[in-house]
Trainee: 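This structure is in structure tokens; I'll ask about it shortly.
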Amino acid sequence: MSYQVDNKGYYGEYGGAYVPEILYATVENLKNHYLEVLESDEFKKEYMQLLRDYVGRPSPLYYARRMSEKYGCQLYLKREDLNHTGAHKINNTIGQILLAKKMGKKRIIAETGAGQHGVATATVCALMDMPCVVYQGALDVERQHTNVERMKMLGAEIRPVTSGNGTLKDATNEAIRDWCCHPADTFYIIGSTVGPHPYPDLVARLQSIISEEIKQQLQEKIGRDYPDFLMACVGGGSNAAGTIYHYIDDERVGIILAEAGGLGADSGHTAATIHAGSLGILHGSRTLVMQTADGQIIEAESISAGLDYPGIGPIHANLADKKRATVLSINDDEAVKAAYELTRLEGIIPALESAHAIAALQKMQFKPSDVVVLTVSGRGDKDVETYLSHKEMAGEYGNF
Ligand SMILES: *Cc1c(COP(=O)(O)O)cnc(C)c1O
């Protein structure tokens, strides 16, 4: 048995491709070509060269001495925060734009919530001289002003979406609508391991460079190419999928996923989809979804804009269902406190999303010899305002 995708596009009972008739041929075409392109020597050469010279890979695997002492384990941080544009998202957008070009597409569309995926997409569109349209909820356009300006500066057109609540799920609906109108010439760059098959597998493969590097780096550092535990935060699930990709069927390696509890997984103000969701279909995928009894989507709530998604990748729904992964729900205040702690103990200000993974450390029981690799998915520059306005959550570290 494998936890990777099966030949029908499913992970256990999750996944598949639930798309409108008009997109069927486009999605089929992508499904029939993505592996051939990704495995071609030409693609691999261009992709790896850009990851090295443009993104700055390999990202370091850093032994966090003071955090290791505090949590009684051997903690290594996978530093995706050091990538160009400040997070892991660029690994995926570089790969998808190369794929789009190889498939002869002329125009790129994307959805974005906080704007991180929008910026990563606008960046590679500037690099490759491709027109770029980014759909973003009108409320998010207001809340995420700096990222909107960055996308515009990079040459992208931002289309604010006013339907629904004006947030990520509405932006995604609108991007899918655009795709339906331009299926032949447009490539939709999806930002996480969500959407119809083959997107979850495509994005996981493009992020799998993270675990490929972890393997080599652990071998060099500890003489063994696997850890005892892997830890990552999950929004849609792409940084987690990349972190676990090469270990997913290796039962020696424990998988710990941290989802955003918001005010609490049972509070009704949460983004903890695996805890609070039920089986449904969202954005082309059969997965866990936060929904009312009659199937209306419930808005996700979290202090972290990047984890604010009412669905979850089908990969992770299956890992949780089969108990292959342990899923912990981390509340807003726990994440903020953990961000301050990492800042003071290691001099690294993490993204609020990544801080959820760090906060999960205190919920674990480690042996001193346990090797733990935790992915710091992004840097915290974008979150400094939020950190300062929530100093009261930081405990001892908030007295300044
Ligand atoms: C977008 C984002 C996430 C959440 O997305 P995943 O697909 O779950 O990885 C996590 N961390 C950072 C820094 C992000 O920008």
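Counting convention: from 1, in listed order, for ligands and their atoms alike. The first residue of the sequence shown is numbered 1, and numbering continues consecutively from there.
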Trainee: I'd like to check which ligand 1 atoms, numbered from 1 as shown, lie under 4.0 Å from a non-hydrogen atom of Val234.
Mentor: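 This gives 8 (O) as the contact atoms.
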
Trainee: Looking only at protein heavy atoms, which one is nearest to atom 6 (P) of ligand 1, and what is the separation?
Mentor: Ser238 N, 3.3 Å

Trainee: Can you name the atoms of ligand 1, numbered from 1 with element, that are less than 4.0 Å from a heavy atom of Ala351?
Mentor: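 In order of number, 13 (C).
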
Trainee: Would you say Gly237 has any N or O atom under 3.5 Å from an N or O of ligand 1, going by distance alone?
Mentor: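 Right, the criterion is met.
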
Trainee: Within a reach of under 6.0 Å around CE of Met103, are more than 12 heavy atoms found that belong to other residues, nucleotides or ligands?
Mentor: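 Yes.
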
Trainee: Counting each atom of ligand 1 from 1 as listed, which ones have a heavy atom of Gly378 under 4.0 Å away?
Mentor: 13 (C)

Trainee: Any Lys/Arg nitrogen of Arg107 or Asp178 sitting under 4.0 Å from an Asp/Glu carboxylate oxygen of the other?
Mentor: yes

Trainee: Indicate yes or no: does Lys45 engage Glu42 in a salt bridge with an N to O separation below 4.0 Å.
Mentor: no

Trainee: For Glu353, what residues pass the salt bridge (charged side-chain N to carboxylate O under 4.0 Å, His left out) criterion, not counting sequence neighbours?
Mentor: Lys382

Trainee: Please check if any side-chain donor atom of Thr93 sits under 3.5 Å from a side-chain acceptor atom of Thr121, or the reverse.
Mentor: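 Looking only at side-chain atoms, Thr121 and Thr93 do not form any donor-acceptor pair under 3.5 Å.
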
Trainee: Note the single closest protein heavy atom to atom 4 (C) of ligand 1, along with its residue, its atom name and the distance in Å.
Mentor: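 Scanning the protein heavy atoms, the shortest distance from atom 4 (C) of ligand 1 goes to Gly306 O, 3.3 Å.
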
Trainee: When you measure from atom 11 (N) of ligand 1 to every protein heavy atom, which one gives the shortest distance, and what is it?
Mentor: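 For atom 11 (N) of ligand 1, the nearest protein heavy atom is Ser377 OG, 2.7 Å.
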
Trainee: Taking only heavy atoms of Gln116 into account, list the atoms of ligand 1 that are under 4.0 Å away from them.
Mentor: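 So the answer, numbered in order with elements, is 15 (O).
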
Trainee: What residue and atom, counting heavy atoms only, is the protein's closest point to atom 3 (C) of ligand 1, and at what distance?
Mentor: Lys89 NZ, 3.6 Å

Trainee: Within a distance under 4.0 Å of any heavy atom of Cys233, pick out the atoms of ligand 1 and give their elements.
Mentor: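 It comes down to these atoms of ligand 1: 10 (C).
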
Trainee: Classify the contact between His88 and ligand 1 as side chain, backbone, both or neither, using a heavy-atom distance cut-off of under 4.0 Å.
Mentor: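 Within the 4.0 Å criterion, His88 contacts ligand 1 through side-chain atoms alone.
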
Trainee: Short list, please: which atoms of ligand 1 are under 4.0 Å from a heavy atom of Gly235?
Mentor: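 It comes down to these atoms of ligand 1: 8 (O).
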
Trainee: Give every donor-acceptor pair under 3.5 Å between a side-chain atom in residues 307-316 and any protein atom, sequence neighbours left out.
Mentor:
{"from": "Asp308", "atom 1": "OD1", "to": "Glu301", "atom 2": "N", "distance (Å)": "3.3"}
{"from": "Asp308", "atom 1": "OD1", "to": "Ser302", "atom 2": "N", "distance (Å)": "3.2"}
{"from": "Tyr309", "atom 1": "OH", "to": "His283", "atom 2": "ND1", "distance (Å)": "2.7"}
{"from": "His316", "atom 1": "NE2", "to": "Gly237", "atom 2": "O", "distance (Å)": "2.9"}

Trainee: Just to confirm my output: which protein heavy-atom neighbour is closest to atom 10 (C) of ligand 1, and how far is it?
Mentor: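 Nearest protein contact, heavy atoms only, for atom 10 (C) of ligand 1 is Glu353 CB, 3.4 Å.
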
Trainee: Quick check on contacts: which atoms of ligand 1 are under 4.0 angstrom from a heavy atom of Ser192?
Mentor: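 That gives atoms 6 (P), 7 (O) of ligand 1.
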
Trainee: Does the pair Glu69/Arg65 count as a salt bridge with the N-to-O cut at 4.0 Å?
Mentor: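 Salt bridge between Glu69 and Arg65, a charged N being under 4.0 Å from a carboxylate O: yes.
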
Trainee: Using a strict cut-off of less than 4.0 Å between a Lys/Arg side-chain nitrogen and an Asp/Glu carboxylate oxygen, indicate whether Glu13 and Arg286 qualify as a salt bridge.
Mentor: yes

Trainee: Take Glu396 and Tyr340 through the test side-chain contact (heavy atoms from CB on, under 4.5 Å) and record every step on the way to the result.
Mentor: CA-CA 9 Å; Glu396 61 191 290; Tyr340 273 88; over 6 Å; no

